[in-house]
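Structure, as structure tokens:
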Protein chains: 2
Amino acid sequence: MKLENTKIQMRKGVLEYCILSIIARKEAYASDILNTLKGAQLLVVEGTLYPLLTRLKNSGLLSYSWQESTGGPPRKYYQLTELGEQFLKELDLTWNDLVHAVNVTTNHKSNDHE
Amino acid sequence: MKLENTKIQMRKGVLEYCILSIIARKEAYASDILNTLKGAQLLVVEGTLYPLLTRLKNSGLLSYSWQESTGGPPRKYYQLTELGEQFLKELDLTWNDLVHAVNVTTNHKSNDHE
DNA sequence: AGAAGGTAGCTTGCAATACAAAGTAGTGTA
DNA sequence: TACACTACTTTGTATTGCAAGCTACCTTCT
């Protein structure tokens with residue numbers, strides 16, 4: 001039972017929420033998102049992100065537009081749709097419920113300040 | 001994109017942590033565990049719990065003993081092994097890290113008091 | 001004694017998602 | 001043109017929760 005695997009499993013299911021939040025703040029393309037996640041110690045790889053972005057787009061939560069980059073290939077910038085913003089609000093509540101439920105179950109004292 | 005599905009996905013990966021925590025406090029059998037989880041608004045079904053308990057036992061984190069019940073069939077009570085207790089300590093940290101990372105990413109203000 | 005009801009444990013097929021790895025494509029520079 | 005870098009995409013694999021169905025034990029009722 002690898003701790004690293006447990007981290008991966010715990011990460012499952014919350015990435016959607018994180019990614020929608022990142023995009024909600026400011027339209028972003030994949031590398032932006034990966035770097036923001038990395039900055040928060042959430043290490044995610046392309047093979048995860050791209051299919052996820054596609055799923056969110058196909059579900060109507062995201063839209064995208066192509067934009068020229070300053071010196072490389074064009075980039076696919078994503079924005080939240082109206083539906084996406086609504087959904088994100090639900091996810092805020094859902095996440096909060098989950099944290100509360102887990103902390104109650106584990107009798108966990110959160111050190112989180114925010 | 002169903003919100004209910006998102007809840008399920010978010011739940012994945014944290015149940016192991018919750019279950020180990022419940023058992024760490026006091027040895028328990030499956031229905032105990034299900035009821036405790038239900039009490040914390042974590043609805044889990046037998047099809048999830050039994051394979052999970054088996055996996056944890058096979059990984060050396062849990063041990064079990066059969067005990068007579070007061071009026072029904074015998075029960076399988078689980079306890080944490082030494083290894084299980086060590087692992088749970090790691091999970092405490094891991095969970096805390098994840099909550100922090102997600103809250104940072106989502107700019108989430110936790111309403112959790114604990 | 002047998003049936004019914006309740007409790008307890010178990011398994012399997014399916015769906016969803018993260019990872020690892022490999023590949024394609026556009027732009028700029030040597 | 002070839003190479004390096006950036007950006008996007010896809011696929012096979014592994015893991016885990018859910019839904020559904022099943023077996024088995026104990027007690028009570030007929």
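Below, chain A is the first sequence line, B the second, and so on; all start at residue 1. On a predicted model such as this, the values are computed, not experimentally measured, just so you know.
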Whole angstrom is fine here: how far is it from CG in B:Leu49 over to C1' in D:dA20? 16 Å

Write down the distance between CZ (A:Arg11) and P (D:dT15), rounded to a whole number of angstrom. 15 Å

Contact nearer the 5' end of DNA chain D, comparing A:Tyr77 with A:Gln9: A:Tyr77

Which one of A:Leu43, A:Val44, A:Ile33 satisfies the side-chain contact (heavy atoms from CB on, under 4.5 Å) criterion with A:Lys38? A:Leu43

Whole-Å gap separating C1' (D:dA19) and CG (B:Leu34): 15 Å

Between B:Thr81, B:Leu52, B:Ile23, B:Leu83, which is the residue that forms a side-chain contact (heavy atoms from CB on, under 4.5 Å) with B:Leu62? B:Ile23

Counting heavy atoms from C-beta on, name the nucleotide in C:dT12, C:dT17, D:dA19 closest to the side chain of A:Lys12. C:dT17

In terms of ring plane angle, is the pair B:Tyr78 and B:Tyr64 parallel, tilted or perpendicular, where the classes change at 30° and 60°? perpendicular

Any B:Arg55 side-chain N or O less than 4.0 Å from OP1/OP2 of D:dA14: no

Under 3.5 Å, is there a donor-acceptor pair between the A:Gln79 and A:Glu85 side chains? no

Value in whole Å for how far the P atom of D:dT9 lies from CG of A:Leu56: 14 Å

Non-hydrogen atoms of B:Leu20 and B:Leu80 that approach each other most closely: O-CD1, 3.5 Å

Base, sugar-phosphate, or nothing for A:Leu43, non-hydrogen atoms under 4.0 angstrom? sugar-phosphate

Going by side-chain hydrogen bond (donor to acceptor under 3.5 Å, both in side chains), name the residues that satisfy it together with B:Glu82, two or more places apart in sequence or in a different chain. B:Gln86

Considering all heavy atoms of both residues, which atom of B:Ala30 and which atom of B:Leu49 are nearest to each other, and what is their separation? O-CD2, 3.5 Å

Rounded off to whole Å, could you give me the CD1-to-P distance for the A:Ile19 and C:dT17 pair? 12 Å

Can you see if the side chain of B:Asn5 gets near the phosphate of C:dT17 - specifically, an N or O under 4.0 Å from OP1 or OP2? yes

Nearest-neighbour nucleotide for the B:Thr48 side chain, D:dG17, C:dA20, D:dT11 considered: D:dG17

Check the distance between C:dT11's P and B:Leu52's CG and give it to me in whole angstrom. 14 Å

Whole Å only: how far is the CG atom of A:Leu15 from the C1' atom of C:dC19? 11 Å

To the nearest 0.5 Å, what is the distance between CG (B:Leu42) and OG1 (B:Thr36)? 10.5 Å

In whole angstroms, the gap separating C1' of C:dA18 from CD1 of B:Ile8 amounts to 17 Å

I'd like a list of close polar pairs between nucleotides 5-8 of chain C and the protein, N/O only, cut-off under 3.5 Å.
| residue | atom | partner | partner atom | Å |
| --- | --- | --- | --- | --- |
| C:dA8 | OP1 | B:Tyr29 | OH | 2.9 |
| C:dA8 | OP1 | B:Arg75 | NE | 2.4 |
| C:dA8 | OP1 | B:Arg75 | NH2 | 2.2 |
| C:dA8 | OP2 | B:Tyr29 | OH | 3.2 |

Might you point out which heavy atoms bring A:Leu37 and A:Cys18 nearest each other, and give the distance in Å? CD2-CB, 4.0 Å

Which residue, B:Thr54 or A:Gly13, contacts DNA chain C at a nucleotide closer to its 5' end, judged by nearest heavy atom? B:Thr54

Spatial distance of atom CD (A:Gln41) from atom CG (B:Leu98) [nearest 0.5 Å]: 12.0 Å

Under the 3.5 Å Watson-Crick or G-U criterion, the dot-bracket string of DNA chain D, with | for inter-strand pairs: ||||||||||||||||||||||||||||||

